[in-house]
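Both ligands and their constituent atoms are indexed starting at 1 by order of listing.
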Amino acid sequence: MSILKKRPKTDEELELEKTTYNNEFTKQIQIEIIDTNDTLENVHIDEDSVSVAWSGLTYTITNKKTKQKENIIQNCSGVVKPGEIMAIMGPSGAGKSTLLDVLAGRKDPKNVTGTIYLNGKSGQNVKFVSTYVMQDDALMGSLTVRENIQFAADLCFPETVSLAERHQKVTEIIKEFGLERVADHKVGNIIIRGISGGEKRRTVIASQVVTHPKIIFLDEPTTGLDSAAAYNVMKAIITTAKTHHLTVIASIHQPSSEVFALFDKLYLISRGQTVYHGPRKAALEYFKNLGHECPEHANPADFYLSRINIDFMSDRATGEQHIEKFITSYESSSAKRLAKTEVDAVLAAAEKDATNDLSVDVPQGYNRYARGFFVQTYFITKRTFTNAYRNILLYWIRVAMYVCLALLMGTVWWNVGFEQKNVQDRFAAHFFSVAFLVFMSVAGIPGFLEERVVFRRERADGFYSVGPYALANFVVSVPFVFIIAFTFTAVAYPMIGLHAGFGHFMWFLTYLYLALMVAESMVVFVAAVIPIFVAALTIVAFLNGFFMVVQGFFVRRDSIPHAWKWAHYIDYQKYAFEGIVKSDFLGLTFDCVKNAATEKCNCMYGDTSGNSCDFTGQDVLNSFGYTEIKLPAWAMALVGLTIIFRVGFYVALRLRKSRT
Ligand SMILES: Nc1ncnc2c1ncn2[C@@H]1O[C@H](COP(=O)(O)OP(=O)(O)OP(=O)(O)O)[C@@H](O)[C@H]1O
């Protein structure tokens, strides 16, 4: 049955469910009076699943203003067993995300006290058996739902899982997540319409759970979705968790009653402290016993939150007292004792099963990634290539723009000629070809930033390391940048009438291509350091403007002030411009203007005595001091600058921590 077709529950059904809560609560109280040893007998530890228990968890920060220590969460204890789904709920700023992050091992351990047990054992690395689903729908928009999930499967299953098996797993998870109808639809981005928000969220989660990690942490998985979409997302997660016996912990903000009813357990938190932890169904009775009875048709989740939210109370002191009552009540409650019994039972069971290897820790020499460097590089390159090919924002829009520009330049500079006055025209054509083309590399920033969000999620989830990603980004840019440089050169070069001949054409193309490769590398480097669109755009524009000023076109090379000479020598535009200048001028001859009255020639270059009526391209180069340009060396300088920016890109990605 498709989970998408699930109809909302009727009032009678909800009423029936509420009655069931009460019966369940009675059962829970009965469990509580069972001897602990009996309870232990019932706890079975499944080596293929992982329970999470935590005791006395406190996360402390130092307030930057007051320099005082502050507990963001305090003395939290609880347990979630395989197949169970727990909701962490509380008002805004209560500490939900902090508790989730601490449990997921995403907070600096220096600031955490207390113990987390996996299968009853402490000191283990939760990251290797879990996935953490963030709020953002970080997917490749130009790829289909199936392709996005397949990519995760290709990288996250070990090589012992064959391609056919990986396809099978992808098909299964697509089914479990109710994505069959849209499996071959593109996810969508600002250009492609794509699938709905709920389907996107399910695709992200499906790609993270396709390998069935033992524990799934979800940070507000339903935020931004309407109630039907939120229900479908949670139902899909729960179907997978129940089928594969996974442990699920989700922070959640104001779920609908339907979504709320899907959780097994509840962790209510306010001001960083536990207000209730236990079965979701038992919470109604718990609150009722405290004198807060949920009205018949109210959403229990809304009701609890309204009771423990003091943000809008006019009197702060009364609010503090109100919440303190909840916290102290929980401390002495049967619910807390039951939770403690459960934690103890899990720990004792682990002790009892000491002969079994329940450890989820990573053995020495273990590779955090399922696939090796080259396989990672292969799959990322394949995906990046597909994205570059399909996403018109990345390269095609620039190809179109450069063709237009080439036609514009070709018609404006049409057949530029070989008269003295054309020397300046040629310089201008050389300068503009390089300057405008490299300047427009900023057009790649939005596409890169879209991909970077996906990179962060996938890196945080251990899909691959930085090296293969950085390498794939470079490899894919090689053919696409070539297409840009080639189309521009093929159109503009003959129209402008630059130095005829295959060799000269190839040098022009080479310099333009290499300059674009440096520009492209600089763009991704800057966007990796500052991944904010407007900031990255401004900095790249500034750098290109700066390099234009010191490259030696506006101000002659020998007139650049000594203090700015360094900038001239690290300027990639200089090498491309000078290379093009030399390859164009060398071997050409220009006519000077003849003075009709004196019959003498007025040459600005070469023999300026008036006796000669022409000059060579070499004379022009000499006049501007372009005597030491070596075409291969200048090309190598561009290759070197590309390498420097690419290494910088790799380092920037490595140093910028994935969300911790
Ligand atoms: N590193 C930190 N430095 C200072 N304050 C912090 C830090 N981490 C969390 N806090 C504060 O701790 C409180 C709890 O934060 P947390 O993000 O866990 O709350 P939350 O319940 O998830 O809130 P929301 O639902 O609004 O996302 C907030 O007031 C937050 O500002």
Side-chain angles (χ1 to χ4, degrees), residues 52 54 56-78 80 85-114 116 126 130 132-138 201 216-225 227 230 233-234 248-256 259-260 263 265-277 280 283 299-313 316 319-320 322-324 326-327 330 456-457 460 656-660:
V52 186
W54 59 102
L57 275 192
T58 299
Y59 177 73
T60 311
I61 55 133
T62 307
N63 188 311
K64 282 191 183 134
K65 273 191 195 150
T66 61
K67 306 280 174 230
Q68 299 290 310
K69 298 256 181 213
E70 272 177 29
N71 291 337
I72 303 293
I73 57 164
Q74 194 178 322
N75 199 21
C76 294
S77 302
V80 193
I85 324 293
M86 184 181 89
I88 303 177
M89 278 175 40
S92 186
K96 302 182 290 293
S97 302
T98 306
L99 176 59
L100 188 79
D101 287 355
V102 169
L103 291 175
R106 289 179 168 243
K107 289 284 186 203
D108 189 342
K110 279 204 310 277
N111 302 329
V112 179
T113 54
I116 299 172
V126 69
S130 66
Y132 186 101
V133 180
M134 299 169 186
Q135 274 180 42
D136 35 27
D137 299 327
R201 192 69 50 88
I216 306 172
F217 294 102
L218 300 123
D219 185 17
E220 308 205 358
T222 57
T223 297
L225 302 179
S227 57
V233 166
M234 282 315 301
V248 178
I249 303 178
S251 68
I252 194 148
H253 203 69
Q254 293 212 301
S256 67
V259 167
F260 184 63
F263 288 93
K265 275 194 166 165
L266 182 59
Y267 203 104
L268 272 179
I269 186 168
S270 186
R271 300 281 156 119
Q273 296 191 64
T274 315
V275 169
Y276 172 80
H277 173 48
R280 187 254 315 156
N299 172 0
D302 287 344
F303 176 74
Y304 304 142
L305 289 177
S306 69
R307 296 297 108 165
I308 62 171
N309 191 349
I310 56 167
D311 286 349
F312 302 104
M313 284 191 174
R316 204 176 160 76
E320 295 288 348
H322 172 82
I323 210 69
E324 201 53 43
F326 275 107
I327 293 164
Y330 178 71
R456 282 185 74 196
R457 170 175 72 74
R656 264 197 100 88
K657 282 192 181 150
S658 53
R659 202 175 295 178
T660 52

Under the side chain to side chain contact (heavy atoms under 4.5 Å, CB included) rule, collect the residues that match up with [X], sequence neighbours excluded.
X      : value
Thr60  : Thr58, Lys69, Asn71
Ser97  : Asp219
Thr222 : Ala230, Met234, Ile252

> To the nearest 0.5 Å, how far apart are NE2 in His322 and CZ in Arg307?
Replying inline: 7.0 Å

> Tyr276 vs Tyr330 aromatic rings, parallel, tilted or perpendicular, using cut-offs 30° and 60°?
Replying inline: perpendicular

>> Check whether His277 reaches the backbone of Leu268 with its side chain - one donor and one acceptor, N or O, closer than 3.5 Å.
In response: no

>> I'd like the contact residues of ligand 1, where contact means a heavy atom below 4.0 Å.
In response: Ile61, Ile72, Pro91, Ser92, Gly93, Ala94, Gly95, Lys96, Ser97, Thr98, Glu220, His253

